[in-house]
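Structure first, commentary second.
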Amino acid sequence: MQRLNIVITGHVDHGKSTLIGRLLADTDSLPQGKLESVKKMCENNARPFEYAFLLDALADEQKQGITIDSARVFFQSKKREYIIIDAPGHIEFLKNMISGASRAEAALLLIDAKEGVAENSKRHGMLLSLLGIKQVAIVVNKMDLVNFSEIAFTKLKVEYSEYLATLGIKSDIFIPISAREGVNLIEHSASTPWYKGPTVLEILDSFKSVEEKENDDFRMPLQDVYKFTRDNDDRRIYAGTVTSGELNVGDEVVFYPSLKRSKVASIESFNTEVKTSVKESEAIGFTLQTQIYVRNGDVVARADQSAPKVSNRFEANLFWLGAKPLELDKPYKIKIGSAQSTIYLEEIKRVIDGDTLDRADEPSVGRHEAACVIFRVHDLVAMEQFGENQKLGRFVIVDEYDIAGGGIITEVLEQYTTRR
Ligand code: GDP
């Protein structure tokens with residue numbers, strides 16, 4: 001079954017746990033008898049039942065090792081399975097997300113209808129924009145506390161979308177809900193006859209997964225070129241790991257950025273016999289009909305498919321781990337795919353403190369800060385936007401000998417040329 005990773009953010013007490021508990025219960029995704037046993041427990045202790053308790057009960061099971069998957073919560077619709085990525089600490093979450101280690105493909109941002117837009121709702125908006133999550137729905141919770149008023153809902157919608165627009169998030173998906181009462185989560189509710197938009201589950205089902213959006217044309221970052229050692233054999237083996245797509249003997253391949261091209265004469269995969277065709281994740285080597293000279297770090301694509309972008313400038317979201325701050329115009333080493341080069345920070349667009357999510361205004365990016373920046377690379381490099389290709393859209397920055405930061409490419413920019 002298809003899966004989608006989502007993240008649910010919102011200010012404490014705005015109803016996150018209630019929403020998650022309710023989604024689990026209303027989509028029949030809980031272990032059998034769980035809902036009843038938690039309700040019973042509340043009754044025995046003369047406590048009112050809360051949907052949020054379901055999460056605590058599941059967490060207890062995880063601690064005891066009863067459920068296999070820790071720290072992740074699943075629920076399902078008719079269309080697919082959803083994994084809610086938990087964010088226990090902002091720093092860890094930001095680091096994983098921005099380095100591409102774990103990836104939320106869509107987000108629900110919760111706002112309390114009665115409390116309105118809190119300072120924290122703004123921080124969460126900023127967080128989502130830094131993570132490059134484009135599929136966002138704003139869920140206005142606790143509508144029961146404002147008598148399901150359309151006016152209150154619209155006021156909040158106008159106020160918050162104006163703020164989001166300043167961050168470049170163009171979400172006009174606002175859903176009035178009551179997590180506690182289950183209003184507009186799975187089905188439309190009679191409590192909000194004026195609301196004609198999608199329910200929470202409908203909007204989730206309409207979001208696209210990375211797999212659906214990703215380009216699966218052939219790509220192979222070139223790791224090594226070997227020469228045959230026998231006499232009178234001038235063939236070379238071009239080796240690397242296929243990051244996407246498929247390659248066949250006879251296909252014409254193009255190397256980027258060098259633009260050299262030739263046809264595949266044979267495909268050799270290590271440990272197994274000679275192949276005629278290879279797919280994603282296989283470590284391979286191929287020989288060409290004509291011997292060409294190319295450098296490690298080039299990206300191989302098929303001539304009959306789309307080309308990776310080639311540039312020396314890009315916009316990125318990055319997370320900084322280095323002891324020394326990332327500074328403007330200082331040289332750092334970068335690795336993208338199998339390519340290595342030197343980069344310079346050209347512009348800092350936004351920096352936020354990973355811990356407090358407060359906006360920082362320094363001319364550098366400090367340890368545990370996340371930022372939206374523009375980089376200039378010394379050499380031309382084949383690269384792609386993370387949303388289109390996760391492997392070639394990710395990079396690591398090395399300061400002296402340490403990994404100092406990592407990030408994702410949000411936009412490949414026009415090539416930079418030095419003026420003389
Ligand atoms: P979290 O901190 O964001 O996870 O918030 P919780 O899910 O723990 O909810 C905080 C409080 O808000 C709890 O007392 C919930 O019962 C209450 N709450 C959550 N959703 C609703 C709702 O739709 N309506 C009302 N009236 N209260 C709600």
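None of these values were measured; they are calculated from a predicted model. Order of appearance sets the numbers: ligands from 1, and atoms from 1 within every ligand.
- Less than 4.0 angstrom separates some heavy atom of V12 from each of these atoms of ligand 1: 2 (O).
- Both tests hold for R376 against Y416: distance to the six-membered ring centre under 6.0 Å, angle to the ring axis within 45°.
- Within ligand 1, counting atoms from 1 as listed, the ones closer than 4.0 Å to a heavy atom of L145 are 26 (N).
- Counting heavy atoms closer than 4.0 Å to ligand 1, residue H14 contributes backbone atoms (N, CA, C, O) but none from C-beta onward.
- Within ligand 1, the atoms closer than 4.0 Å to a non-hydrogen atom of D13 are 1 (P), 2 (O), 3 (O), 5 (O), 10 (C), 12 (O), numbered from 1 in the order shown.
- Under the salt bridge (Lys or Arg N to Asp or Glu O under 4.0 Å) rule, K275 has a single partner from E268, E282, E246, which is E282.
- Looking only at heavy atoms of the protein, atom 26 (N) of ligand 1 is closest to D144 OD2, 2.7 Å.
- Among all non-hydrogen protein atoms, the one lying nearest atom 4 (O) of ligand 1 is S17 OG, 2.5 Å.
- Counting only N and O atoms by type, the side chains of S244 and D216 include no donor and acceptor under 3.5 Å apart.
- Residue contacts with ligand 1, taken as heavy atom pairs separated by less than 4.0 Å, involve T18 via backbone and side-chain atoms alike.
- For ligand 1 and S178, the ligand atoms under 4.0 Å from any heavy atom of the residue are 22 (C), 23 (O), 24 (N).
- Annotation for Q32: atom CD does not count as buried by contact number, only 12 or fewer foreign heavy atoms lying within 6.0 Å.
- When E50, R22, K142 are ranked by how near their heavy atoms come to atom 12 (O) of ligand 1, first place goes to K142.
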Query - Test side-chain contact (heavy atoms from CB on, under 4.5 Å) applied to I336 and I409, step by step - result: CA-CA 10 Å; I336 304 182; I409 297 173; 4.3 Å; yes
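- Within ligand 1, counting atoms from 1 as listed, the ones closer than 4.0 Å to a heavy atom of H11 are 3 (O).
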Report task. Show your reasoning for whether side-chain contact (heavy atoms from CB on, under 4.5 Å) applies to L204 and S77. Result -> CA-CA 9 Å; L204 287 173; S77 68; over 6 Å; no
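- When ring centroids are compared, F375 and Y332 stay outside the 6.0 Å threshold.
- Contact annotation: for E181 versus ligand 1, there are no heavy atoms closer than 4.0 Å.
- Protein heavy atom closest to atom 27 (N) of ligand 1, with residue, atom name and distance, is R180 CZ, 3.5 Å.
- The pair K78-D205 does not count as a salt bridge, with every side-chain nitrogen at least 4.0 angstrom from each carboxylate oxygen.
- In this structure, atom 20 (N) of ligand 1 lies nearest to the protein heavy atom N141 ND2, 3.2 Å.
- Of the options P48, G182, A113, G15, the smallest heavy-atom separation from atom 5 (O) of ligand 1 is shown by G15.
- When heavy-atom distances to ligand 1 are checked against a 4.0 Å cut-off, L110 has no atom that comes that close, whether in backbone or side chain.
- In this structure, the protein non-hydrogen atom closest to atom 3 (O) of ligand 1 is K16 N, 2.7 Å.
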Query raised in the report: Should V300 and F286 be marked as a side-chain contact (heavy atoms from CB on, under 4.5 Å) after you check the CA-CA gap, both sets of side-chain angles, and the distance that decides it?
Result: CA-CA 11 Å; V300 191; F286 57 78; 3.9 Å; yes
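- The aromatic rings of Y160 and F174 stand perpendicular to each other, their planes meeting at an angle above 60°, with 30° marking the opposite boundary.
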